[in-house]
Amino acid sequence: MAPQLNTTTEFSVVKNEVELVKPPKPTPSEVLSLSTIDNEANLEAFSKAIYVYQADDETKSHNNVDPADMIRQALSEALVYYYPLAGRLKRLDHDGRLQLTCNATGVPFLVATANCRLSSLSYLDDIDFEIAENFVFPSPTSDCPFVLQVTKFACGGFTIGFGISHMVADGFGAAQIFKALAELSKGKELSVKPVWERERLVGTPIKEPLKVDKCPPATSPYGMSSDIEDEIFYVKSESIKRLKEEILSSGSGNITTFEILAAFVWRARLRALKLNHDGKTCLYFATGLRKLIQPPLPEGYYGNAFLTSAVELTGKELEEKPLSEIVNMIKEKKKDVLDNNYIRNTIDVLETKLVNRDNEKIKATGALMALTDWRNLGLVSDEFGSGWKIVNVTSLPWECFGSVDLVTFLPAPKSDPSLKGAVGILASLPKQAMPKFKEEIDALNS
């Protein structure tokens with residue numbers, strides 16, 4: 001249930017004019033290439049997150065330091081190091097590859113003021129996404145790699161709407177950039193200096209024909225392009241513990257929360273979407289390779305450094321196999337990236353598709369579930385300046401894998417003690433399918 005405003009005043013957010021924040025001194029003027037993974041068409045999407053900061057003393061109407069000024073200054077200083085973020089992206093027509101022109105055009109920056117207190121929005125716990133859109137930068141032009149919005153509230157708290165192109169940074173890279181902003185806001189030196197070096201993850205085209213999967217995907221009776229609902233569900237820690245104990249009792253070895261929830265949510269979506277049992281369903285999940293690839297990537301590399309692993313089952317298999325068996329399949333698939341030859345070969349396959357101009361975005365069908373995990377990216381630990389504490393972070397739905405096929409695991413908000421240890425599940429589904437999905441999650445929490 002989305003929170004209601006605890007005020008008789010009509011909710012409003014007043015936004016200032018957009019400004020371009022630039023580095024305070026000259027930075028390299030150059031054109032940068034991106035890696036094979038960066039060039040993957042399905043990453044051509046903007047990831048948006050909102051970070052919620054509560055004032056230490058909410059009895060004051062404001063702090064001595066204006067948070068917007070503080071963050072604007074930190075951003076400007078950060079662009080000395082992260083100068084590519086002040087440039088502009090372009091996908092070339094002749095080969096379909098990305099390039100980033102470093103020209104210090106600047107990062108679009110927006111300051112807004114809300115006429116309410118953060119507490120009236122429950123610190124954005126279970127926030128209505130239509131309200132949440134007020135706190136992030138409106139959809140930027142496709143060439144902008146990075147945008148920020150700071151929204152100030154009557155209680156002295158604020159939110160940071162953080163938007164970054166997935167073509168430039170993955171989750172760990174975005175967390176690294178966010179940490180840099182936080183450190184600079186406190187007058188600290190950067191603990192990690194950024195590294196570009198995208199050539200480290202450029203593959204070599206394969207001459208042999210690539211294999212083509214002939215098994216037809218499962219289909220849903222529901223449309224995937226309109227009347228879509230977005231909702232965050234929380235699975236409580238005791239529910240996770242109980243499910244884990246059930247799976248362990250079947251003889252499974254050591255298992256993780258990610259593995260058991262991935263299996264559970266995959267099956268719950270199958271049921272909610274009423275996918276036919278003869279077709280193929282596929283679970284995609286990312287595995288980081290920063291430390292696994294040989295030689296390892298340097299500390300500070302903030303580009304996309306993950307591979308997508310895939311577990312495939314027919315709808316019938318996903319419905320009828322014991323959940324423990326599906327969990328074990330996910331666990332085994334995660335081991336693929338421990339093999340450096342597998343890593344290099346997979347990047348070569350991606351490069352081959354790029355060379356062959358076979359690099360199209362996946363259209364949402366419901367048969368695919370692309371799972372991304374934001375819980376362990378350091379997203380809820382970075383404080384800005386002094387006088388505020390971070391109490392929540394939430395992701396907004398974004399057009400990656402057609403939105404409907406994307407599921408995001410989120411950390412639980414700090415503002416609600418009852419959710420300690422819980423996992424947030426951001427799902428986008430056709431309106432007709434959402435009640436059944438909710439029923440599946442409620443059954444797990446009961």
Side-chain angles (χ1 to χ4, degrees), residues 5 7 9-24 46-55 58 60-80 82-83 85-88 103-121 123-124 127-165 174 177-178 180-182 184-186 382-388 390-396 398:
L5 287 169
T7 175
T9 305
E10 185 177 353
F11 169 70
S12 69
V13 175
V14 178
K15 298 186 178 185
N16 297 352
E17 291 292 322
V18 175
E19 55 187 293
L20 292 174
V21 175
K22 303 182 180 184
F46 227 76
S47 172
K48 295 180 181 181
I50 304 174
Y51 301 81
V52 184
Y53 288 84
Q54 178 184 9
E58 289 192 335
K60 297 180 180 179
S61 59
H62 57 81
N63 288 283
N64 293 329
V65 178
D66 185 314
D69 291 342
M70 172 186 67
I71 295 166
R72 182 190 293 106
Q73 179 65 30
L75 172 59
S76 179
E77 294 174 13
L79 292 177
V80 174
Y82 290 92
Y83 63 88
L85 299 181
R88 292 296 180 264
N103 52 14
T105 298
V107 172
F109 183 79
L110 189 57
V111 178
T113 304
N115 69 336
C116 63
R117 303 173 71 86
L118 277 168
S119 58
S120 70
L121 297 176
Y123 301 95
L124 272 63
I127 188 69
D128 182 284
F129 287 117
E130 287 189 16
I131 295 178
E133 287 287 349
N134 287 281
F135 310 129
V136 294
F137 197 96
S139 296
T141 56
S142 60
D143 62 346
C144 276
F146 187 43
V147 295
L148 277 183
Q149 176 176 323
V150 178
T151 305
K152 298 181 285 186
F153 289 78
C155 55
F158 64 92
T159 59
I160 299 175
F162 185 94
I164 193 159
S165 169
I177 295 165
F178 194 81
L181 293 172
L184 291 169
S185 76
K186 300 188 187 77
D382 295 312
E383 309 289 354
F384 274 74
S386 60
W388 299 276
I390 189 164
V391 292
N392 198 8
V393 59
T394 189
S395 168
L396 270 66
W398 44 303

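The CG atom of Asp66 sits 10.0 Å away from atom CZ of Phe158, with the distance rounded to the nearest 0.5 Å. Rounding to the nearest 0.5 Å places CD1 of Ile50 at 7.5 Å from CD of Glu133. To the nearest 0.5 angstrom, Gln73 atom CD is 9.5 Å from Leu184 atom CG. Rounding to the nearest 0.5 Å gives a distance of 6.0 Å between CG of Asn16 and OG1 of Thr113.
When side chains are defined from C-beta on, Val147 does not count as touching Val136, because their heavy atoms never get closer than 4.5 Å. Proximity of Val80 to Pro24: side-chain heavy atoms (C-beta onward) are separated by under 4.5 Å at one or more points. Ile160 places a side-chain heavy atom less than 4.5 Å from the side chain of Leu148. With a 4.5 Å cut-off on side-chain heavy atoms, Val111 and Lys152 count as touching. Considering only heavy atoms from C-beta on, Cys155 stays 4.5 Å or farther from Ser119 through its side chain. Inter-residue side-chain proximity for Ile164 and Pro145 is flagged as unmet; no heavy-atom pair is nearer than 4.5 Å. Using a 4.5 Å heavy-atom threshold, the side chains of Pro108 and Phe137 count as touching.
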Subject >> Working for side-chain contact (heavy atoms from CB on, under 4.5 Å), residues Val150 and Phe109 >> reply: CA-CA 8 Å; Val150 178; Phe109 183 79; 3.9 Å; yes
**OP:** Evaluate the criterion ring pair (Phe, Tyr, Trp, His ring centres under 6.0 Å) for residue pair Phe146 and Phe162; output intermediate values, then yes/no.
**Re:** CA-CA 8 Å; Phe146 187 43; Phe162 185 94; 5.1 Å; yes
Original post:
What do the steps show when you test Val52 against Gln54 for side-chain contact (heavy atoms from CB on, under 4.5 Å), and what is the final call?
Top reply: CA-CA 7 Å; Val52 184; Gln54 178 184 9; over 6 Å; no
**OP:** Show your reasoning for whether side-chain contact (heavy atoms from CB on, under 4.5 Å) applies to Phe135 and Leu121.
**Re:** CA-CA 12 Å; Phe135 310 129; Leu121 297 176; 3.7 Å; yes
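Taking all atoms of both residues into account, the shortest heavy-atom contact from Cys144 to Ser165 is O-CB, 4.3 Å. Minimum heavy-atom separation, Pro138 to Lys48: C-NZ, 4.4 Å. Heavy-atom minimum distance, Ser12 versus Asn115: N-OD1, 2.9 Å. Between Met70 and Ser185, the closest heavy-atom pair is CG-CB, 4.0 Å. Summarising the geometry of Ala78 relative to Leu181, their closest heavy-atom pair is CB-CD2, 3.8 Å, with the distance given to 0.1 Å.
Taking the ring centroids of Tyr51 and Phe384, they lie at or beyond the 6.0 Å cut-off. A distance of 6.0 Å or more separates the ring centres of Tyr123 and Phe153.
Looking at residues two or more places apart in sequence or on another chain, you find no side chain to side chain donor-acceptor pair (under 3.5 Å) involving Arg88. Taking Thr105 as the reference, Asn103 meet the side chain to side chain donor-acceptor pair (under 3.5 Å) condition, with sequence neighbours excluded.
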